Structure formats: structure tokens, C-alpha cells
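Each ligand, and each atom within it, is numbered from 1 in the order the structure gives. Atom set for the values below is all heavy atoms of this structure, side chains included, hydrogens, waters and symmetry mates excluded. No experiment lies behind these values; they were computed from the predicted model shown.
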Amino acid sequence: MSQAPIGVFDSGVGGLSVLREIRARLPEESLLYVADSGHVPYGEKSAEFIRERSQRIAEYLREQGAKALVLACNTATAAAVADLRARYPELPIVGMEPAVKPAAAATRSGVVGVLATTGTLKSAKFAALLDRFANDIRVVTQPCPGLVEQVEAGELDSPHTRELLRGWVKPLLEEGCDTLILGCTHYPFIKPLLRELVPETVRLVDTGAAVAKQLQALLDQHGLRAQGPVQETRYWSSGDPQAMERVLPKLMFELARVQPLFV
Ligand code: DGL
């Protein structure tokens, strides 16, 4: 069982920002990655729709033998992680949420900005997160509709991406944010561009590495860590597999085959 693969999924290619952290930390694990690009973006869809997609993808990954699941998507975690944990009580499942706790610890100005999808920012899970960790700071939220599509297209630093991002970041800086949370897994791919648009003193916080660490801990706890040589990742897309094959070198620095997903 410990040699079985780990299933990772997102609404699209954003979760690859988490996958690369998992690969770096756990190279001996074999990984399955599903991009639900046929239904991207999740951020503007209902929680019910996202729960249903998450169930189907989780079922598919289980059929492929997944010993653990990673929801490499803040929006899907907010909508579906509780449901998946109830359905598969025996399965280790790692979800993710915007890094409010570390940002609250890091801020000096006491003002933190959160860039995330509308779905994440409107969720009860995000409200609970603020209740728990943001009592002593001010949190300014900023939905970024359209940014996910730019990353899906591999437009990580095009003039249009730059213009969109500048428009969202400006009000956050004017509010006095010295820490920005990248609360969507697509956004770490535009970190270099974001770095150009904000002063050096502004911290950019994301959770990919923490998720990989938590996955490792959970595998250890269940005695499920794989051993042996470096393993590969297999990819599926419910959208256009060739479009994903074209952006993979840019996002993962590798050429790989992407299989179509029909669930
Ligand atoms: N990458 C996802 C997240 O972390 C969702 C992006 C989307 O499809 O809207 O929230």
C-alpha cells in the first residue's frame, strides 16, 4: 500500500504549484495529477458544483489506486474537503487554505492583503479562519477574477496579466498592507511579476511548501511513506490535454504526456 500513488487535483494547472513542492519534498512518491480544466475556474462556481466535481475526481483517483489525496486548491477545499473526509474516513486527505496565521505573525503594519478567488473569500471556512487568526490584524481581501485564466494560458507576465494584477495590488498597498497572501494555487506562478509590482519590503506568503510538509506528516502517521527510487508524475486534464502539455514546460520545467479525463 505504501508504494501506491498520491492523488493531487485542482480546477486546472494551479495545483502544479503545490505538486512541485510535493515532488521536491517526497521524490520517492509516485504522483497522479488531475487538472479539471474543463470546468475552470472554480472560483466563480457554486459550492455545490465544486463538491460534485471534487467527488468525481476523488473517485477517479481512488480507482487509480491513490493512497492519499491532496486538494491543491483553496476553493475546492473550502467547498468540498469536509464532504470528502466524510465519504472516505480512512483516506488521508490534505486540503489547503489561505495562509492567514503565518501572515498575521509576519506583518509589521498590522494590515494583511489576501488575493484569492471569490469562492474562497465568500466561504464559511475563510470566515472561520479570520475569526481564529486575524483578531489583532486588519485583513483586506481582493478577488482576482480573470487571473486564473491567464495562468491556464501560460500568460505569466503578459501585458494583460500585468495590467490586471497592478489594478488589484494598488488598493492593497494604499491600505497599508505589508504582507500579501497568495490564497489561490494558481497565483504562485505570477509571483515574479507580483514581486516587480510591490515594494521589496512587502512579504508574499503562500502555502505550497506547508502542504507538502503536512502531507509528509500524514503519510508518516499512517505508515504510508513510499521507499525507493525517484518516481514519476502522471497527468490528466478534463479540458484540452494538449493545451496543458504546452504549458507544462513553463510551469513544471518538464515535457510530459497529459491524458484526457472523462469524469
Ligand atoms: N487554484 C484554485 C484555488 O486555489 C482555484 C482557481 C479557480 O479555478 O478559480 O483556489
For Ser238 and Asp36: C-alpha separation, side-chain torsions, deciding distance, then whether side-chain hydrogen bond (donor to acceptor under 3.5 Å, both in side chains) applies.
CA-CA 5 Å; Ser238 64; Asp36 197 14; 2.6 Å; yes
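- Side chains of Ser37 and Glu152: a donor on one and an acceptor on the other come within 3.5 Å.
- Aromatic ring pairs are classed by plane angle as parallel below 30°, tilted from 30° to 60° and perpendicular above 60°; the pair Phe49 and His39 is tilted.
- Within 4.0 Å of ligand 1, protein heavy atoms come from Asp10, Ser11, Val40, Pro41, Tyr42, Gly43, Cys73, Asn74, Thr75, Thr117, Val148, Cys184, Thr185, His186.
- For the residue pair Thr185/Ser17, the side-chain donor-acceptor check at 3.5 Å is not satisfied.
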Mind running ring pair (Phe, Tyr, Trp, His ring centres under 6.0 Å) on Trp236 and Tyr60 for me, showing each step along the way?
CA-CA 11 Å; Trp236 286 264; Tyr60 183 76; 5.7 Å; yes
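- Among residues two or more places apart in sequence or in another chain, the salt bridge (Lys or Arg N to Asp or Glu O under 4.0 Å) test is passed with Arg195 by none.
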